[in-house]
Amino acid sequence: MGTPSHNEVDFYDICSNFVHDIPLYEKMFTPGKAPLLELAAGTGRVTIALALKNYELIAVDISEKMLRKAHQKCAPQVQEKITWLQDDMARFQLPCEVSGVIIAANSFLLLPSITHQKMCLLNLSGQLTPGTKVIIDVFHPLFKLKEPHFQGQLSLLMSIDNYVKGGTLNHWCCGRYDGAQQILIANNIIEICRDGEVKRYPYTEVLRYVHRYEMELLLEQAGFTVENIFGWYDERPFEHSSQKMIFVARKN
Ligand SMILES: C[S@@+](CC[C@H](N)C(=O)[O-])C[C@H]1O[C@@H](n2cnc3c(N)ncnc32)[C@H](O)[C@@H]1O
């Protein structure tokens with residue numbers, strides 16, 4: 001369920017090296033007695049950035065390979081601040097109370113069906129103390145589905161010269177979506193061109209996307225109150241043309 005393939009793990013850090021969401025998490029949560037929880041923490045892009053800012057964290061991810069990469073990136077003094085758990089975000093058990101929860105960068109959409117998404121929110125809600133803040137960052141379908149690569153056009157998303165000595169890395173994507181099933185399929189190819197040779201590393205991501213009021217209902221049914229929906233990480237309100245739907249909710 002949502003477990004990334006070998007190629008996705010190998011190239012995750014290079015293809016997802018953004019940091020523009022981190023200041024929002026720093027603003028929304030203060031380092032405290034109880035750790036923050038990141039679900040689907042991957043290679044620790046958010047977890048490690050926050051640990052470096054003095055937060056304690058519990059980081060859950062289903063993929064052993066992603067967690068191994070995260071470990072390798074951590075200096076011992078950062079490692080001390082993080083508890084890594086290999087588990088399913090729809091079933092995990094917390095080892096202690098947490099002060100806040102983050103599900104970053106569309107990771108919630110990797111839960112493959114509405115049943116799994118409900119399970120995740122109910123399992124989480126059942127383990128939080130009232131008032132705990134939860135932030136879930138997902139894409140706005142109206143914006144995302146219009147991107148040329150989801151209209152069937154093979155698109156170059158990123159190109160890095162000298163990724164390896166004298167070699168270029170290209171990230172291509174071509175996908176499609178099914179509006180009835182609310183599924184987005186992204187077929188990615190990482191291409192490394194060097195010395196006149198090309199090696200290609202494909203991987204596919206499948207996302208079960210949510211609409212705004214559906215997500216609000218899912219959160220409410222699981223025992224949360226939605227306090228805000230931001231359209232971007234600078235806290236601008238969610239609106240028709242927003243790229244993002246960043247739900248800020250509190251456990252009742
Ligand atoms: C797009 S990465 C996001 C990593 C990180 N949160 C970030 O923002 O860079 C998604 C992660 O979700 C994990 N994942 C997918 N399904 C999961 C599940 N059911 N439970 C826990 N982790 C899951 C994958 O293993 C992968 O590491």
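Start at 1 with the first residue, then count along the sequence. Order of listing sets the numbers, starting from 1, for every ligand and every atom in it. The shown structure was predicted, so the numbers you read here are calculated from the model rather than taken from an experiment.
- Within the 4.0 Å heavy-atom criterion, the part of L111 lying near ligand 1 is the side chain and not the backbone.
- Per-residue contacts place A41 under 4.0 angstrom from the following atoms of ligand 1 (heavy atoms of the residue considered): 4 (C), 5 (C), 6 (N).
- Ligand 1 has a nitrogen or oxygen under 3.5 angstrom from a nitrogen or oxygen of I62.
- Relative orientation of the Y209 and Y177 rings is perpendicular, given thresholds of 30° and 60° on the angle between their planes.
- In H116, neither the side chain nor the backbone holds a heavy atom less than 4.0 Å from any atom of ligand 1.
- Using a cutoff of 4.0 Å between basic side-chain nitrogens and carboxylate oxygens, K65 and D10 are not scored as salt-bridged.
- Below 3.5 Å of separation, one finds an N or O of M89 facing an N or O of ligand 1.
- If you run side-chain contact (heavy atoms from CB on, under 4.5 Å) between I102 and each of L50, L39, L37, only L50 comes through.
- Shown in contact with E38 at under 4.0 Å from a heavy atom are these atoms of ligand 1, numbered in order with element: 5 (C), 6 (N).
- Contact annotation for A40 and ligand 1: heavy atoms of both the backbone and the side chain come within less than 4.0 Å of the ligand.
- Proximity to A105 (heavy-atom distance under 4.0 Å) selects the following atoms of ligand 1: 8 (O).
- Every residue two or more places apart in sequence or in another chain that forms a ring-ring contact (aromatic ring centres under 6.0 Å, His included) with F238 is listed here: H140.
- In this structure, the side chain of R236 does not engage the main chain of F230 through any donor-acceptor pair within 3.5 Å.
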Checklist entry - Stepwise, does the salt bridge (Lys or Arg N to Asp or Glu O under 4.0 Å) test hold for R194 with E197? => result CA-CA 5 Å; R194 190 185 181 187; E197 293 201 351; over 6 Å; no
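- Close approach of ligand 1 to G42 (heavy-atom distance below 4.0 Å) involves ligand atoms 4 (C), 27 (O).
- For ligand 1, the atoms sitting less than 4.0 Å from at least one non-hydrogen atom of S107 are 3 (C), 6 (N), 10 (C), numbered in the order shown with element in parentheses.
- Near D87, meaning under 4.0 Å from one of its heavy atoms, ligand 1 places the atoms 20 (N), 21 (C).
- Comment: R208 engages E214 in a salt bridge, judged by a side-chain N to carboxylate O separation of less than 4.0 angstrom.
- Heavy-atom proximity to L110, at under 4.0 Å, picks out these atoms of ligand 1: 10 (C), 12 (O), 15 (C).
- Between the side chain of Y163 and the main chain of N170, no donor-acceptor pair closer than 3.5 Å is present.
- The closest donor-acceptor contact from the side chain of T115 to the backbone of S113 lies at 3.5 Å or more, if one exists at all.
- A donor-acceptor pair under 3.5 Å is formed between the side chain of Q127 and the backbone N or O of F92.
- Considering backbone and side-chain atoms alike, D88 places an N or O below 3.5 Å from some N or O of ligand 1.
- With a 4.0 Å cut-off on non-hydrogen atoms, S16 does not touch ligand 1 at all.
- Distances from atom 24 (C) of ligand 1 to the heavy atoms of L67, L109, D61 put D61 nearest.
- For the ligand labelled ligand 1, residue A90 lies outside the 4.0 Å heavy-atom shell.
- Here D137 pairs with K244 in a salt bridge; the nearest charged N to carboxylate O distance falls below 4.0 Å.
- At least one donor-acceptor pair closer than 3.5 Å links the side chain of S107 to the backbone N or O of A104.
- Among the atoms of A104, none of the N or O lies under 3.5 angstrom from an N or O of ligand 1.
- Contact analysis leaves N106 out of contact with ligand 1, as no non-hydrogen atom separation drops below 4.0 angstrom.
- Residue T3 places no N or O, backbone or side chain, under 3.5 Å from any N or O of ligand 1.
- No heavy atom of F92 sits closer than 4.0 Å to any atom of ligand 1.
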